[in-house]
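Right, I'll just put the structure down here and ask away after.
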Amino acid sequence: MSHALSLAVNGERITAQVSPRLHLADFLRETLGLTGTHLGCEHGVCGACTLRVNGEIVRSCLMLAIQAQDANVETIEGLSDSGEIADLQQAFEARNALQCGYCTPGMLITAQDLLLHHPSADRAAIRAHLSGNYCRCTGYHAIVDAIEATGRARMKKGA
Amino acid sequence: MKAAAFDFVRVKSLTEACDRLVDHAGAARLVAGGQSLLPAMNLRLISPEILIDIGGIAELRSISVEDHVLRIGCMTRHADLLCSPDIALHAPLLAEAIKEVAHPAIRNRGTIGGNLAHADPASELPACMLALEATIVAFGKQGERRIAAEDFFTGWYETALAEGEILSAVEIPLLAADQSCGFAEFARRSGDYAIAGLAARVSYEGNKIRAPRLAFFAVGDRPILAAHAAAALEAASPPYDEAALASVRAALAEDLSPQDDLQAAAGTRLYLAGILLGRVVAQMGDPRPLPRPVRASTS
């Protein structure tokens, strides 16, 4: 029960044969070796596997690889290499907004999703948008600080 | 965990989906956004032999206003409902409820059809359908069949859909100028399933509430219209203060017999339902946080 799959991952055209049961996160990690996408709960609760599909954030444990046919998938590797979130990554580092780092890729992608649409988001809006991303080191305060600081810096730069 | 092995087929029309459902009677599941189905499969709560993907049928993702009815196609995502001007104007209750449905990444894939057909009794949208007097459209080999929301949810994850039928759309009467709605729920964390929740719609005659529809969720095996409480609320007189609401809360015990579970005891749920009732009645009176519609022009 193998199906042909064709999609773009971080701008690169990929074709592969996949089993329907393979979810998108495992496809990226196991087949393509893109291990920046992390898997925590595998039932949509923790947010560690968050990535972008056609410009929107989704849970890659709750999307089958086969459902990504013709999609444009962007992982943390793509967002890092392009420099799109360099300022956000620097703010995370400066504010010690990562400890074990397991939740960090999902946090960064979710935060970038918010800042793209609402750079002036206040702390309550940041918390609401991140509410589906768990940090088991419980470093939420520093994470919110880093996102708020990045949003402010971008507003200033854009003004 | 990972889902057990299954086969997968992508269909191009509802007719084709029906045919496939019949071909694989009992062994197939439809997948739309997959945000309830895939967790259940990953946890091995269910292991269908084949998934029938209706995600590629573009015309199922639609919101339209026709003949004083808001029609929402089954593949319309939660994120679409949240930002739709038609929903904001004609069914603001839905926009308010969607904010409590899971998290942004889930709302980008989860669909209204999948949510309603899954029929989780703790889910927000089934209760909204009851409060708004929605009609569920079921597509089958014989064509379309219309089912009142009150008759659609029949038990824990059970609906009135027959074998081979597909929930293709919902139809919701446009909110009238004299109507108001309200929504509130209790959950331990933002985005969690509710411990108790209430979606409501009322009419106002001056400052007097008429024809209230109080749809509670997470307090039974399906969303429940609280008929006794609604009658008590209609009999009460404004202002709807604590004294006026006492009889309404008392009547709730006749409508609801909540379950005990790990989240909360039955008595706690009944108590919380009464608290929610007060909050939602306050929301629906002035000042109204949900935008009141401008009466649609009759042209």
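Proteins get letters first, then strands, A, B, ... in listed order; numbering begins at 1 in each.
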Chain B contact via A:H129 - which portion, at a heavy-atom distance below 4.5 Å: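 For A:H129, the contact with chain B is made by backbone and side chain together.
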Is any side-chain N of the basic residue among A:R152 and A:E148 closer than 4.0 Å to the acidic one's carboxylate O?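 Here A:R152 pairs with A:E148 in a salt bridge, since their nearest N and O are under 4.0 Å apart.
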Using a 4.5 angstrom heavy-atom cutoff, name the option from B:N42, B:L51, B:N108 with the most pairs to chain A.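 Of B:N42, B:L51, B:N108, B:N108 has the most heavy-atom pairs under 4.5 Å with chain A.
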Which atoms of A:D26 approach chain B - backbone, side chain, both or neither, heavy atom under 4.5 Å: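 When you check distances to chain B, only side chain atoms of A:D26 fall under 4.5 Å.
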Residue A:L39 versus chain B: region with a heavy atom under 4.5 Å: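 Side chain only.
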Please round to the nearest 0.5 Å and tell me the distance separating atom CD of B:E16 and atom CG of B:L21.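 Between B:E16 CD and B:L21 CG, I get 11.0 Å after rounding to 0.5 Å.
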Can you label the angle between the B:F217 ring and the B:F183 ring as parallel, tilted or perpendicular, going by 30° and 60°?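 Plane angle under 30°, so parallel.
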Against chain A, work out which of B:M1, B:Q35, B:K2 has the most heavy-atom pairs shorter than 4.5 Å and name it.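 Heavy-atom pair counts peak at B:K2.
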As an exercise: rank B:A102, B:G33, B:A4 by heavy-atom pairs under 4.5 Å with chain A and give me the winner.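 Going by pairs under 4.5 Å, I would pick B:A4.
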A:R29 NZ/CZ over A:F27 ring centroid, <6.0 Å and within 45° of normal: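 Ring-cation test returns no.
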In this structure, which one of B:R107, B:R77, B:R109 forms a salt bridge (charged side-chain N to carboxylate O under 4.0 Å, His left out) with A:E56?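 Testing A:E56 for a salt bridge (charged side-chain N to carboxylate O under 4.0 Å, His left out) against B:R107, B:R77, B:R109 leaves exactly one candidate, B:R77.
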Matching residue for A:T75 among A:N10, A:T35, A:D81 - test: side chain to side chain donor-acceptor pair (under 3.5 Å):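 The option that passes is A:N10.
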When you measure from the side chain of B:T76 to the backbone N and O of B:S62, does any donor-acceptor pair fall under 3.5 Å?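 Checking the backbone N and O of B:S62 against the side chain of B:T76, a donor-acceptor pair under 3.5 Å is found.
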Looking only at heavy atoms and a cut-off of under 4.5 Å, which of A:H23, A:E42, A:H43 has the most pairs with chain B?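 Top option by heavy-atom pairs under 4.5 Å: A:E42.
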Any idea which of A:R127, A:R52, A:H3 has the most non-hydrogen atom pairs under 4.5 angstrom with chain B?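 Of the options given, most contacts go to A:H3.
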Hey, are B:S123 and B:N115 close enough side-chain-wise for a donor-acceptor pair under 3.5 Å?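 B:S123 and B:N115 do have a side-chain donor-acceptor pair below 3.5 Å.
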With a 4.5 angstrom heavy-atom cut-off, could you sort out which part of B:L37 is near chain A: side chain, backbone, both or neither?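 B:L37 has no heavy atom closer than 4.5 Å to chain A.
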Heavy-atom pairs under 4.5 Å with chain B - which of A:L114, A:T50, A:V58 has more of them than the others?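 The residue among A:L114, A:T50, A:V58 with the greatest pair count is A:V58.
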Per-residue contact mode, B:D7 against chain A (heavy atom under 4.5 angstrom):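 For B:D7, backbone and side chain are both near chain A.
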